[in-house]
Amino acid sequence: MQTWWGPFAIILIAGWIATDVWRWIGVFAGGRLREDGELLIWVRCVATALVAGVISKLVFFPQGALADTPLWLRLLAMACGFAAFLSLRQSVIIGVLTGVSVLVAGWMAL
Amino acid sequence: MTVPQEPQPPSPPADASGCGRVWFFRGARAAISIPALILTAAFVGYAGLARESGLSLAETLAMTGFVWALPSIVVLTGAMTSGMGILPAAFAVALASVRLMPMTMALMPLIKVPGKTRTWQLLVASHFVAVTAWVYAMRNLPDLPKEGRLPFFVGFGAAVSGFVFCMTGIAYVLVDRMPPMVAGALFLLTPVYFLCSLWGAARLLADKAAMIAGLVLGPVFFVLLPGLDLLWTGLAGGTLAYLATRIWRRSRS
């Protein structure tokens, strides 16, 4: 895919269609599928594990400026952010701010 | 033309479209909210990731506008940088976005006025189904009159995605001029945001088990099976978590 439109074809087919097709099915299926059925539980498990895999890849094998930081600092920042999120009423904003602050503080201390 | 079945305050047809517009703008105004700000920050972080991954500004914006679900966008970015073919990439993205189906299904009875709402209107509205707008809609739409919900939701979704679209573009342009530490902090924003919001969205033990399995297996499969590692992480980790929690559920009941 060296053409200029190659990436856009991927974005439209593998991105837009592959995502919106579920929304369209949701519109037409509305109410006919049980949300707590075993099949959907498994499907949600697969989706969750896939996205979780992306998260940990971003931390273990980062690109760009983040690649200059040691792995332990990235893991520490993630752990502190998640701990803050859990202990303070599951507030995402507090988790994010804590994680990023720990990373910057550790980076400056190095 | 249609006569309302329930006793309602009389509203002439001429008012109906104007009424819809009012609800659209009310929805757009409601979009100025903390969850929308967090989402904007997450997309600003993504703009940095996209730039580092070698995507152009137009490609980054096309992904933001067309896909409009950050997990799918991040998966697709990963697939494109690892040179995955278009079909495996579509498969990985489709797996990552299945959760949009039950979410859309749950939203439909709320925004649909039987006999009045057209299917194409629902299809347009469904594009805005993503975690942020959905959580807000499920919590707040039931308080609104039924006719106002669809335009309100579309107004909310259009305002959030329009704002995020612009901010993603601005962040993409600016990230190059940022000091490395600020850029690095931005790159960490995406994983921390997902770690927290994914855990917050997990309702069953199976969801949490799947999350832990994915976190552990992601780097393992990346080393063992680079290229298709995302698919393997999802299928193996998800199935493992599902079976383990299923056995656990059965043994307790």
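Reminder, nothing fancy here: chain letters follow the sequence lines and each chain counts from 1.
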Review point. Hey, are the side chains of A:Trp16 and A:Ile11 touching, using non-hydrogen atoms and a 4.5 Å cut-off?
Key: no
**Study point:** Heavy-atom side-chain contact between B:Ser97 and B:Val67 under 4.5 Å
**Key:** no
**Study point:** Best-contacting candidate, B:Phe222, B:Tyr193, B:Phe221, B:Phe91, against chain A by heavy atom pairs under 4.5 angstrom
**Key:** B:Phe222
Check your understanding: Does B:Met63 reach the side chain of B:Met80, with side-chain heavy atoms less than 4.5 Å apart?
Key -> yes
Review point. Can you tell me if CZ on B:Phe66 sees more than 12 non-hydrogen neighbours from other groups inside 6.0 Å?
Key: no
**Study point:** Partner chain A: residue of B:Ala209, B:Gly218, B:Ser126 with the largest heavy-atom pair count (under 4.5 Å)
**Key:** B:Ser126
Check your understanding: With respect to chain B, which residue among A:Leu58, A:Val21, A:Thr69 yields the maximal number of heavy-atom pairs within a distance under 4.5 Å?
Key -> A:Leu58
Check your understanding: Relative to chain A, which of B:Leu122, B:Leu240, B:Leu230, B:Leu204 shows the most heavy atom pairs under 4.5 Å?
Key -> B:Leu230
Point to revise | Heavy-atom closest pair, residues B:Leu215 and A:Ser56 | key: O-OG, 2.8 Å
**Study point:** Distance-only side-chain donor-acceptor flag, B:Tyr46 / B:Thr77, under 3.5 Å
**Key:** yes
Exercise for review: Select one option (side chain, backbone, both, neither) describing which atoms of B:Ala58 are under 4.5 Å from chain A's heavy atoms.
Suggested key: both
Review point. Counting only N and O atoms by type, is there a donor-acceptor contact under 3.5 Å from the side chain of B:His127 to the main-chain atoms of A:Arg23?
Key: no
Review point. What closest approach, in Å, do A:Ala77 and B:Leu188 show between heavy atoms, and which atom pair accounts for it?
Key: CB-CD2, 3.7 Å
Revision key, fill the gap. Applying a strict 4.5 Å limit to non-hydrogen atoms, the region of B:Val223 in contact with chain A is side chain
Review point. Under 3.5 Å, side chain of B:Ser56 to main-chain N/O of B:Glu59, donor-acceptor pair present?
Key: yes
Exercise for review: Give the member of B:Thr233, B:Leu95, B:Leu49 that has the highest number of heavy-atom pairs under 4.5 Å with chain A.
Suggested key: B:Leu95
Check your understanding: Heavy-atom distance under 4.5 Å to chain A: side chain of B:Arg246, backbone, both or neither?
Key -> side chain
Check your understanding: A:Val104, A:Leu97, A:Val96: which one forms the most heavy-atom pairs within less than 4.5 Å of chain B?
Key -> A:Val96
Point to revise | Toward chain B, the part of A:Ile17 with a non-hydrogen atom under 4.5 Å | key: neither
Point to revise | Whether B:Thr239 side chain and B:Ala236 backbone form a donor-acceptor pair below 3.5 Å | key: no
Practice item. With a 4.5 Å cut-off on heavy-atom pairs, point out which of B:Trp68, B:Trp199, B:Trp232 contacts chain A the most. Key: B:Trp199
Check your understanding: For atom CH2 of A:Trp24, is the number of surrounding heavy atoms from other residues, nucleotides or ligands below 6.0 Å larger than 12?
Key -> yes
Check your understanding: At a heavy-atom separation under 4.5 Å, does A:Leu103 approach chain B through its side chain, its backbone, both, or neither?
Key -> side chain
Review point. Less than 4.5 Å apart, any side-chain heavy atom of B:Leu205 and any of B:Trp248?
Key: yes
Review point. Closest heavy-atom contact between B:Val93 and B:Ser72?
Key: CG1-CB, 4.0 Å
Exercise for review: Pick whichever of B:Gly237, B:Gly200, B:Pro191 has the most heavy-atom pairs under 4.5 Å with chain A.
Suggested key: B:Pro191
Revision key, fill the gap. Checking heavy-atom separations under 4.5 Å from chain A, one finds in residues 176-187 of chain B B:Pro180, B:Met181, B:Ala183, B:Gly184, B:Ala185, B:Phe187
Point to revise | Proximal component of A:Val54, with respect to chain B [non-hydrogen, under 4.5 Å] | key: both
Practice item. Heavy-atom distances under 4.5 Å only: say whether B:Ala213 touches chain A with side chain, backbone, both or neither. Key: neither
